[in-house]
Amino acid sequence: MNHLSYTRGPQDKPLLAMTVGAAFDATVELFAAREALVVRHQQLRYTWAELAEVVNGIARAFLALGLRPGDRLGIWAPNCAQWCITQFASAKVGAVLVNINPAYRVNELEYALKQSGCRWLVCADAFKTSDYHGMLADLLPELGQGRPGELSSDRLPELRGVISLSDTAPTGFLRWSQLEPLGRGIAAAELTERQALLQFDEPINIQYTSGTTGFPKGATLSHYNILNNGLMVGDSLGLTENDRLVIPVPLYHCFGMVMGNLGCLTHGSTMIYPAPSFEPEATLAAVAEEKATALYGVPTMFIAELDHPTRRDFDLSSLRTGIMAGATCPIEVMRRVIDEMHMAEVQIAYGMTETSPVSLQTGPEDDLETRVTTVGRTQPHLESKIIDGDGRIVPRGTIGELCTRGYSVMLGYWNNPQATSEAISPARWMLTGDLAEMDEAGNVRIVGRSKDMIIRGGENIYPREIEEFLYTHHAVADAQVIGIPDEKYGEELVAWVKFHPGHSVAEDELRTFCKNAIAHFKVPRHFRFCDEFPMTVTGKIQKFRMREISMEEVRSKRG
Ligand code: AMP
């Protein structure tokens with residue numbers, strides 16, 4: 001028996017050796033008349049046959065615009081039907097889709113467009129506080145002057161034009177509604193020929209990794225990477241053509257476009273978008289009114305749904321399964337999702353953009369204990385290991401850095417060989433930067449990020465442990481623990497705490513609650529009560545921001 005922290009997932013079901021476009025065509029053929037996509041905020045519904053009609057039309061338009069295999073096509077929009085259509089149409093012509101975070105402002109947009117060398121960009125007109133047209137006018141003053149497709153900009157020399165989803169876009173933009181007529185000028189056979197040229201190992205997607213650390217890097221993923229991850233994630237959930245999945249997570253992130261869209265595509269399931277960005281009530285309404293069987297979300301989304309004042313007005317009894325992922329899933333929240341949202345088979349998935357994303361997942365057969373304390377076992381066709389600071393595999397039960405190898409590991413960071421070689425070892429292991437331990441059964445527990453570990457007076461402290469403990473207090477809805485510099489102990493603990501609506505407790509009471517139950521060095525020195533944590537759009541808590549804020553507050557208290 002090998003007691004080292006290494007496991008390999010099962011290999012019985014073969015991987016799909018095909019492009020995303022070919023997989024799309026196969027699903028359309030199998031499930032033509034079944035519902036493929038429901039976009040509730042746009043009142044749009046498509047069967048797979050109807051979706052194919054639109055996707056093929058837009059793909060032909062992309063050919064008419066001169067998009068070549070390997071050209072980059074940016075998309076900067078909140079969740080909508082056109083996002084999904086662009087994803088599948090670009091895959092059919094072999095254009096690499098560059099996901100641009102809808103919350104990006106002009107500098108970040110310029111960085112992503114330039115770094116990836118986008119040739120065309122699809123954008124919304126405006127959303128929330130973002131005026132996309134206005135920001136593009138600032139970035140590209142020459143946009144209004146020439147004809148669409150003939151853009152020549154010193155700042156973005158590779159960009160040829162911008163397609164707006166709005167029918168009232170100013171001159172200079174090509175309008176989405178103009179695409180289909182444009183596509184009619186291209187014979188269907190040309191699209192078939194293009195699709196036949198494409199290889200499944202070629203890049204098809206660039207995703208800028210979310211800003212929890214450093215400068216964004218463009219994880220470059222192939223058809224093979226993301227199609228197979230969608231397949232394996234959906235298999236683990238037991239998805240079929242009878243499943244209806246509500247996708248409230250952003251499409252620009254792999255949780256939406258891979259685990260959501262490609263998870264459905266590979267199983268003929270229905271994709272349901274409740275709103276342009278996460279809204280708890282719209283999500284609950286989508287589940288109830290669409291009789292959804294599955295629901296995705298990051299933990300903070302499930303917390304918002306559970307605590308929503310109208311939750312009990314919605315019948316969620318059609319739900320069977322779903323995934324909670326993206327950040328540590330609090331045990332209490334998991335229990336409530338099972339008990340109060342009818343998601344008896346809910347699973348936990350762990351992954352990162354660079355691994356397409358999922359590499360570990362709990363299984364349908366796992367008991368509650370496994371599902372609430374671990375992120376499960378290695379996914380099919382993948383390998384996991386946990387290593388120490390010297391790169392050696394540690395014994396089971398020992399904490400170290402988690403690494404992933406297999407079909408899902410990205411091709412590399414776009415145009416960044418240095419960052420790629422730091423992230424992927426010569427033997428093709430992706431170094432995740434996450435701290436984890438593996439038990440005898442191969443289940444992995446995530447204990448934090450390498451940088452998260454707090455060392456207080458020589459004691460190693462994993463914030464996760466204290467966060468889980470704080471959740472057990474009846475008034476606490478969410479808790480995050482960070483370390484800030486301290487003269488005496490090196491680091492001191494700060495707990496940020498969010499209460500359930502209508503609840504609150506005094507700092508002293510919470511401290512006493514901790515003192516009675518956890519080791520003295522783990523009792524947070526400072527508590528900070530808040531309504532929101534600083535976080536990225538994908539629900540990742542920005543602990544570095546919390547650290548900055550807490551350091552400033554402690555400094556000013558000391559005066
Ligand atoms: P991203 O590339 O945006 O998907 O972020 C990946 C990171 O999210 C991982 O490296 C982990 O730190 C974190 N993460 C993802 N899933 C989980 C999970 N189930 N539990 C804990 N952390 C997670």
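Both counts, for ligands and for their atoms, begin at 1 and track the order of listing.
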*Just which atoms of ligand 1 are under 4.0 Å from any heavy atom in T353?*
1 (P), 2 (O), 3 (O), 4 (O)
*Compute both the distance and the angle, then confirm whether K217 meets the cation-pi test with Y413: under 6.0 Å from the six-membered ring centre, within 45 degrees of the axis.*
yes
*Contact between P357 and ligand 1, counting heavy atoms under 4.0 Å?*
no
*Ion pair present between R405 and E383, side-chain N to carboxylate O less than 4.0 angstrom?*
yes
*Under 4.0 Å from a heavy atom of G326: give me the atoms of ligand 1 that qualify, with their elements.*
8 (O), 13 (C), 14 (N), 15 (C), 16 (N), 17 (C), 23 (C)
*asked:* For the 3.5 Å polar cut-off, considering only N or O atoms, please tell me whether A349 and ligand 1 meet it.
replied: yes
*Taking 4.0 angstrom as the limit, do E468 and R445 come out as a salt bridge?*
no
_Atoms in ligand 1 with a heavy atom of H253 nearer than 4.0 Å_ = 1 (P), 3 (O), 4 (O)
*For L237, does its backbone N or O pair with a side-chain atom of R320 as donor and acceptor, under 3.5 Å?*
yes
*Show your reasoning for whether ring pair (Phe, Tyr, Trp, His ring centres under 6.0 Å) applies to W76 and Y104.*
CA-CA 9 Å; W76 190 34; Y104 270 9; 8.2 Å; no
_So for ligand 1, is T209 a polar contact partner (N or O within less than 3.5 Å, distance only)?_
no
*Examine the proximity of ligand 1 to D434 and report which part, side chain or backbone, both or neither, has a heavy atom under 4.0 Å away.*
side chain
*asked:* If you define the side chain from C-beta out and look only at heavy atoms, does anything of T270 sit under 4.5 Å from C264?
replied: no
